[in-house]
Amino acid sequence: MTSNDPFEFDSNGALLRTHLPLPGQSGKVRDVYDLGDSLLIVSTDRISAFDWILPNGIPNKGSILTAMSRFWFDHLQVANHLISCEVPQQVIDLGIDASVLADRIMVVRKAQVVPFECVIRGFIEGSGWAEYQQSGAICGIDLPAGLRQCDRLPEPIFTPATKAETGHDENVSTEVMSAAIGAEQTELLRRLSLQVYTTAADHAAERGILIADTKFEWGLVDGEVILIDEVLTPDSSRFWPKSSYEPGHSQPSFDKQYVREWLSQTDWDRNSPPPILPANVVQRTGEKYREALDILT
């Protein structure tokens with residue numbers, strides 16, 4: 001990541017990219033820099049949909065996601081990678097405007113990343129719903145017949161997925177995961193993921209949000225399993241308003257719903273660069289992210 005200007009904004013002031021003079025790499029939403037004994041994660045305002053990063057962002061989205069992850073890391077009381085949310089001296093010494101980073105960074109422990117997304121589903125939607133319609137199962141887990149779209153499952157299920165650098169993650173069975181990392185570690189991650197999901201889902205439900213599903217990332221530090229990356233945000237989870245929940249069809253949600261719906265109504269072919277989001281879609285999406293943060297925290 002190299003540029004003369006350390007920060008790249010769109011016309012609405014959304015932070016699209018950072019270019020700090022440190023070793024680093026960019027993901028779909030976050031820029032990650034190596035600080036030597038730790039990592040600096042910067043949550044930008046980029047937004048992705050249908051496996052494309054869109055040309056404009058959602059102002060303050062990165063700050064909202066960071067605040068939500070910080071809340072959950074504190075609330076869940078499970079070993080995690082967060083060290084600090086203060087701008088490190090190493091970055092201040094670069095002479096850049098550190099205020100741009102102030103509320104959108106996490107300094108985290110380096111970890112050996114488990115190469116699977118640990119997905120927990122409490123309700124049936126998305127790729128799980130599509131798979132169930134074809135086979136009556138998700139990731140090899142047989143489910144009761146006659147479930148409707150968005151039905152609550154009899155109990156939450158663990159449905160791992162491979163971590164794709166580009167394109168879609170692929171749902172796999174626990175047997176596939178066990179063959180790759182061992183049955184003992186797979187069972188530990190299954191148990192931890194279900195425990196974290198249940199704690200979070202109970203908290204959210206008390207405040208009027210249903211966590212339909214979510215994905216966790218785990219890593220190893222000196223043999224200890226810790227929760228890493230972002231956690232329980234609208235980018236990694238489906239949040240539905242409890243008050244309007246009604247199975248049998250898709251639900252309104254606190255995430256990229258407006259973005260996906262608008263893109264689906266355009267003539268974009270999903271194979272060429274996506275169009276610029278209009279102002280009303282940007283605004284409504286930002287409001288949904290902010291509303292989810294306010295309700296949960």
Side-chain angles (χ1 to χ4, degrees), residues 29 47-49 58 61 64-78 117-133 137-139 141 143-161 169 171 190-217 227 229-261 264 284-297:
V29 172
I47 190 164
S48 64
I58 309 297
K61 172 176 173 278
I64 292 169
L65 295 186
T66 300
M68 197 171 290
S69 286
R70 288 172 63 178
F71 166 77
W72 286 119
F73 281 133
D74 181 58
H75 177 78
L76 293 169
Q77 298 295 302
V78 63
E117 304 274 11
C118 290
V119 180
I120 302 294
R121 301 175 190 271
F123 298 74
I124 186 166
E125 178 60 304
S127 64
W129 170 239
E131 192 174 334
Y132 171 78
Q133 289 178 289
I138 303 178
C139 294
I141 300 172
L143 295 172
L147 291 177
R148 297 163 296 176
Q149 183 180 9
C150 298
D151 258 335
R152 185 188 294 270
L153 296 172
E155 59 183 13
I157 59 174
F158 175 69
T159 60
D169 297 336
N171 294 342
R190 185 192 73 83
R191 182 171 53 79
L192 286 172
S193 298
L194 284 166
Q195 171 191 318
V196 172
Y197 171 81
T198 301
T199 300
D202 288 348
H203 170 88
E206 289 174 1
R207 284 156 177 76
I209 287 180
L210 300 176
I211 303 180
D213 53 45
T214 192
K215 62 180 181 180
F216 300 116
E217 294 209 38
L227 191 58
D229 200 57
E230 66 173 351
V231 60
L232 291 155
T233 73
D235 272 13
S236 65
S237 319
R238 281 188 177 89
F239 292 156
W240 297 338
K242 187 176 176 181
S243 60
S244 61
Y245 170 65
E246 182 184 67
H249 53 80
S250 61
Q251 309 295 307
S253 57
F254 295 94
D255 57 11
K256 312 173 191 178
Q257 180 181 0
Y258 292 124
V259 171
R260 293 194 196 97
E261 287 179 355
S264 296
R284 291 169 77 187
T285 302
E287 288 169 354
K288 278 296 175 187
Y289 275 79
R290 170 59 64 183
E291 186 180 359
L293 175 66
D294 291 344
I295 291 171
L296 289 170
T297 64

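If you read the sequence from its start, that first residue is 1, and numbering goes on from there. Bear in mind that the values here come from a model prediction, so they are computed numbers and not experimental data.
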**Q** Got a donor-acceptor contact below 3.5 angstrom from the T285 side chain to the K256 backbone?
**A** no
**Q** More than 12 non-hydrogen atoms from neighbouring residues, nucleotides or ligands closer than 6.0 Å to CD on E261, yes or no?
**A** yes
**Q** Partners of S193 by side chain to side chain donor-acceptor pair (under 3.5 Å), sequence neighbours excluded?
**A** W218
**Q** Does R190 make a cation-pi contact with F158, if we ask for NZ or CZ under 6.0 Å from the ring centre and within 45° of the axis?
**A** no
**Q** Does R148 have any side chain to side chain donor-acceptor pair (under 3.5 Å) partners at least two apart in sequence or in another chain, and if so, which?
**A** D151
**Q** Do any pairs count as a salt bridge (Lys or Arg N to Asp or Glu O under 4.0 Å) and have a residue in residues 231-249, sequence neighbours left out, and if so which ones?
**A** K61-D235, D213-R238
**Q** Quick one: side chain to side chain donor-acceptor pair (under 3.5 Å) partners of K215, sequence neighbours excluded?
**A** none
**Q** Can any side-chain N or O of W240 pair as donor or acceptor with the backbone N or O of Q251 at less than 3.5 Å?
**A** no
**Q** Nearest 0.5 angstrom please: C118 SG to L192 CG, how far?
**A** 9.0 Å
**Q** With sequence neighbours excluded, give me every side chain to side chain donor-acceptor pair (under 3.5 Å) pair touching residues 196-212.
**A** H203-R207
**Q** By side chain to side chain donor-acceptor pair (under 3.5 Å), which residues pair with S69, not counting sequence neighbours?
**A** none
**Q** What is the distance from atom CD1 of I138 to atom CD1 of I157, rounded to the nearest 0.5 Å?
**A** 4.0 Å
